[in-house]
Structures are given as structure tokens and as C-alpha cells.
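Any value given below was found using the heavy atoms of this structure, including those in side chains, with hydrogens, waters and symmetry copies removed.
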Amino acid sequence: MRVDPSRFPLVWLDSSPANAEPTDKVLDDMSALLARQQPFVFLAAGGFDDAEPDLDARRKVASWMKANKPAIVRYIKAQLHVADTVEARDKALEFGRIFENFWGYPLLVVGSSDEAETRARALLG
């Protein structure tokens, strides 16, 4: 995954394998976002990784998330996931059921990047 904060408070996530960054880098980037102490929204598109999970990376993410849970809940308003097909939408909705329980903020599914940005701005008020 790669975190692109260049349009903060709209923060794009790129989960394509070609742009993958080390877990520690992603967590450092996310820590920097939380350190701003300002609300923001994640936006993402594409599929979900069906590869065998890296257990070390998962442990790092879970540990980071637990250590940062109050800031996560306070500053991350949602993740808007662009799903432009029925299949992608169904998969995102299925994933979203467990997402919020883990992260503490909702995964909302939208049909386009424009819709994602419009909804993100509404969430940020």
C-alpha cells in the first residue's frame, strides 16, 4: 500500500502491488497524518488483496492500530472505496462489515472518484 497525503484532508490509498511500500513506511505515513490532529478521509479504489497475508505485517498493523485507536477514531472520518462494478461493490460491502470493527471508522462504498470526493467533503463538513 502507498499513502498519498498530497490533497489532505483527502488522502488517497493505493493498494496496487506495483506501488507497495514497506509496512513500516505506511504506518509512519499514517502516524504523520494523525499527528496533524485534523480530521481526514481515506479514499481508495481497486480490488482487495487476496494474497496470503504476511503475518509479521499484520501484527505490526494490529499493534499500531491499538496504540493509536483514540486518534484513529477521532481524526479518520471514513474510508471511501470506489467500486465501479457490481462485483467490486459486493466485495467491498462484504469487506466493510469487518473493517469498521477493526479500524473504528466505516468503509463506505461509492461508484466513482468524483462521488468519493464529494462524499468525503460532506463528511468533513
Pairs meeting criterion salt bridge (Lys or Arg N to Asp or Glu O under 4.0 Å) with involvement of [range], two or more places apart:
range           : result
residues 94-121 : R7-E117
residues 78-90  : none
residues 13-22  : R2-D14

*Under the ring pair (Phe, Tyr, Trp, His ring centres under 6.0 Å) test, which residues partner F42, sequence neighbours left out?*
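Once residues adjacent in sequence are excluded, the partners of F42 under the ring pair (Phe, Tyr, Trp, His ring centres under 6.0 Å) criterion are F40.
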
Gap separating the [atom1] atom of [X] from the [atom2] atom of [Y], nearest 0.5 angstrom:
X    : Y   : atom1 : atom2 : result
N68  : L27 : CG    : CG    : 8.5 Å
D28  : T23 : CG    : OG1   : 11.0 Å
W103 : I76 : CH2   : CD1   : 7.0 Å
F95  : Q79 : CZ    : CD    : 7.5 Å

*Co-members of V110 in a cluster of I, L, V, M, F, W and Y side chains, linked at under 4.5 Å*: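 When side chains under 4.5 Å apart are linked, the cluster holding V110 also contains L10, W12, V41, L43, L80, V82, L108, L123, L124.
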
_For L55, the rest of its hydrophobic cluster, which grows through side-chain links under 4.5 angstrom_ =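 L55 clusters with nothing; isolated.
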
*For the side chain of H81 and the backbone of A116, is there at least one donor-acceptor N/O pair under 3.5 Å apart?*
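Not confirmed, H81 side chain does not pair with A116 backbone.
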
_same_hphob_cluster(V73, F102) at 4.5 Å side-chain heavy-atom cutoff_ =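 Hydrophobic grouping puts V73 apart from F102.
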
Minimum heavy-atom separation for [X] and [Y], please, with both atom names.
X   : Y   : answer
S31 : W64 : OG-NE1, 2.8 Å
P39 : P9  : O-CB, 3.5 Å
A88 : A83 : C-CB, 3.7 Å

List in chain and number order the residues that pass side chain to side chain donor-acceptor pair (under 3.5 Å) with [X], two or more places apart in sequence or in another chain; answer none if no residue qualifies.
X   : result
K25 : D29
S6  : D4
D24 : K60

*Can you name the residues that form a side-chain contact (heavy atoms from CB on, under 4.5 Å) with A71, not counting sequence neighbours?*
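A71 satisfies side-chain contact (heavy atoms from CB on, under 4.5 Å) with L34, Y75 only.
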
_Residues in side-chain contact (heavy atoms from CB on, under 4.5 Å) contact with A67, at least two apart in sequence or another chain_ =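 Result, side-chain contact (heavy atoms from CB on, under 4.5 Å) vs A67: none returned.
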
